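Report on one structure; see the data block that follows.
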Amino acid sequence: MFEKTLIPVAYGERPEELRKVGRFLRGLGSRSICLYHVNEPASLFRGADLSWLTRLAEVLRETGLAVEVKRGSGHIASAIAEAALLEGADSIYMKTKRRWHIETMLLGSVSRDLLRLADVPVFVQKVRPRLPGDGVGPRREGLKILYATDLDEASVRLLPYVMKFQGSWCHILHARGRMADPTTERRRRKAVDEELHAIAEDLRPSFERVTSEQRIGNPAAQVLHVSEQIGADVVVLGRKSPAFPSAPLGDTAERIVTESGASIFLMPQPGRFHAS
């Protein structure tokens with residue numbers, strides 16, 4: 001599930017930070033890492049000494065991970081998405097703060113494109129989670145996970161990934177519109193409560209605390225509000241709508257990805273293959 005993780009890296013990556021990432025991913029079950037460097041035609045570092053890339057691989061190997069190094073070129077997000085498929089990666093791990101060369105300094109567009117194009121789950125680290133390492137900050141077991149679910153087939157596929165995060169608290173949230181009449185609303189609320197209870201029971205072995213709630217209102221607004229309210233470290237959600245090169249993520253997912261202060265783990269819709 002997280003057995004092989006692809007990590008895009010750029011010139012200037014700090015080895016000590018990557019070491020923390022390696023430890024964190026090992027805790028999620030990763031055993032193999034593909035370090036992937038995209039060298040665009042206009043890059044100032046094209047053809048430069050890549051000993052820094054070898055050093056990063058050595059640092060990750062010190063954490064007990066098997067590491068291979070791959071290079072590509074072209075549009076950054078497209079190249080990463082394609083490499084994840086070709087290398088058989090189970091997921092992609094990426095930070096929001098990264099210094100590409102000057103033409104692509106604004107990673108916001110790169111991360112959004114990757115979340116839109118990738119055919120494997122993407123974990124985007126923002127300010128949180130606070131990664132374990134050097135005795136600073138809480139361990140992975142202290143993570144707070146917000147699992148946003150539509151109670152559909154895509155959400156069911158997310159469950160095994162949520163279990164892998166483990167942590168101290170998983171809060172399950174279902175946001176929806178209000179039913180047309182009070183009787184239908186009561187029935188829907190009861191049915192949703194039962195589904196959320198069943199999901200909570202599945203997750204209890206993986207977390208110290210599991211809670212759930214349903215809210216009426218705009219799904220993106222509710223997810224962002226609850227995430228901030230509970231201080232979530234990671235928001236886990238699925239992407240339902242097909243993504244084409246010119247299409248957005250979908251209003252709900254894109255707003256959450258853009259505005260959330262927590263890290264994002266996004267599961268793509270199955271059966272799509274953009275890379276060629």
Side-chain angles (χ1 to χ4, degrees), residues 1 28 91 96 111-112 115 121-130 138 140-180 184-241 248-270:
M1 188 172 304
L28 291 179
S91 61
T96 54
S111 58
R112 283 196 297 271
L115 286 163
V122 180
F123 183 21
V124 177
Q125 178 200 340
K126 296 196 177 184
V127 176
R128 299 181 291 262
R130 299 151 290 185
R140 180 174 64 89
E141 290 77 9
L143 290 178
K144 297 177 183 178
I145 307 299
L146 175 59
Y147 172 31
T149 175
D150 284 334
L151 301 176
D152 56 6
E153 186 268 340
S155 298
V156 172
R157 290 174 52 247
L158 264 170
L159 267 177
Y161 291 92
V162 180
M163 293 174 183
K164 282 287 186 180
F165 277 104
Q166 301 183 0
S168 63
W169 183 14
C170 179
H171 186 63
I172 310 163
L173 173 66
H174 175 64
R176 62 180 179 84
R178 190 179 300 277
M179 298 293 101
T184 304
E185 172 62 28
R186 283 195 299 271
R187 289 174 180 169
R188 180 57 182 160
R189 179 168 292 275
K190 180 181 178 181
V192 168
D193 281 341
E194 290 174 352
E195 290 189 68
L196 292 177
H197 177 76
I199 294 172
E201 290 302 307
D202 288 337
L203 291 174
R204 288 194 197 285
S206 301
F207 295 89
E208 295 176 14
R209 178 187 179 196
V210 178
T211 54
S212 65
E213 67 172 314
Q214 56 176 303
R215 291 193 172 213
I216 304 296
N218 178 273
Q222 293 298 331
V223 170
L224 291 168
H225 174 72
V226 173
S227 175
E228 185 65 27
Q229 189 177 53
I230 71 173
D233 294 298
V234 183
V235 176
V236 181
L237 70 157
R239 183 181 70 208
K240 292 198 304 181
S241 60
L249 278 172
D251 291 343
T252 299
E254 183 165 22
R255 182 178 173 188
I256 294 171
V257 167
T258 302
E259 299 182 23
S260 173
S263 296
I264 299 292
F265 182 84
L266 185 69
M267 166 75 77
Q269 184 182 29

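In this text, all values refer to a predicted model and were calculated from it rather than measured experimentally.
Residues satisfying the side-chain hydrogen bond (donor to acceptor under 3.5 Å, both in side chains) test with Ser206, not counting sequence neighbours, are none. Residues satisfying the side-chain contact (heavy atoms from CB on, under 4.5 Å) criterion with Ala220, sequence neighbours excluded, are Asn218, Thr252, Arg255, Ile256. In this view, His174 satisfies the side-chain hydrogen bond (donor to acceptor under 3.5 Å, both in side chains) rule with no residue, not counting sequence neighbours. Applying the side-chain hydrogen bond (donor to acceptor under 3.5 Å, both in side chains) rule to Ser260 yields no partners; only residues at least two apart in sequence or on another chain are considered. By the side-chain contact (heavy atoms from CB on, under 4.5 Å) test, Arg189 is found to be paired with Arg176, Glu185, Asp193, Gln214, Ile216, residues two or more places apart in sequence or in another chain being considered.
When all heavy atoms of Ala175 and Gln222 are compared, the closest pair comes out as CB-CB, 3.9 Å. Residue Gly261 comes nearest to Lys126 through the heavy atom pair O-CB, 3.9 Å, listed as atom of the first residue, atom of the second, then distance. Pairing each heavy atom of Glu208 with each of Ser168, the nearest pair is CB-O, 3.4 Å.
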### Intermediate values then yes/no, side-chain contact (heavy atoms from CB on, under 4.5 Å), Val162 and Phe207
CA-CA 10 Å; Val162 180; Phe207 295 89; 4.2 Å; yes

### Task
Evaluate the side-chain contact (heavy atoms from CB on, under 4.5 Å) criterion for residues Val122 and Met267: first the C-alpha distance (whole Å), next the side-chain angles of each, then the deciding distance (0.1 Å), finally the verdict.
CA-CA 7 Å; Val122 180; Met267 166 75 77; over 6 Å; no

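Using a 4.5 Å heavy-atom cutoff, the side chains of Val236 and Tyr161 are not in contact. Contact of the Leu146 side chain with the Val234 side chain is not registered, since no non-hydrogen atoms from C-beta on lie closer than 4.5 Å. Looking at Gln166 and Leu143, their side chains never come closer than 4.5 Å, going by heavy atoms from C-beta outward. By the 4.5 Å heavy-atom criterion applied to side chains, Leu237 and Thr149 are not counted as neighbours.
Distance CG/Leu28 to CE/Met163: 14.5 Å, rounded to 0.5 Å. Rounding to the nearest 0.5 Å places NZ of Lys164 at 14.0 Å from CD1 of Ile145. To the nearest 0.5 Å, atom OG1 of residue Thr211 and atom NE2 of residue His171 are 4.5 Å apart. The structure places CZ of Arg187 at 12.5 Å from CE of Met179, a figure rounded to the nearest 0.5 Å. A distance of 11.5 Å separates CZ in Arg157 from CG in Leu159, rounded to the nearest 0.5 Å. Put simply, OH on Tyr147 and CG on Leu158 are 5.5 Å apart, with the number rounded to the nearest 0.5 Å.
Side chain of Lys144 to backbone of Ser227: no donor-acceptor contact under 3.5 angstrom is found.
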Output a table of donor-acceptor pairs, distance under 3.5 Å, between side-chain atoms of residues 194-202 and any protein atom two or more places apart or on a different chain; print 'none' if there are none.
{"from": "Glu201", "atom 1": "OE2", "to": "Arg204", "atom 2": "NE", "distance (Å)": "2.8"}

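Between Phe265 and Phe165, the ring center distance clears the sub-6.0 Å criterion.
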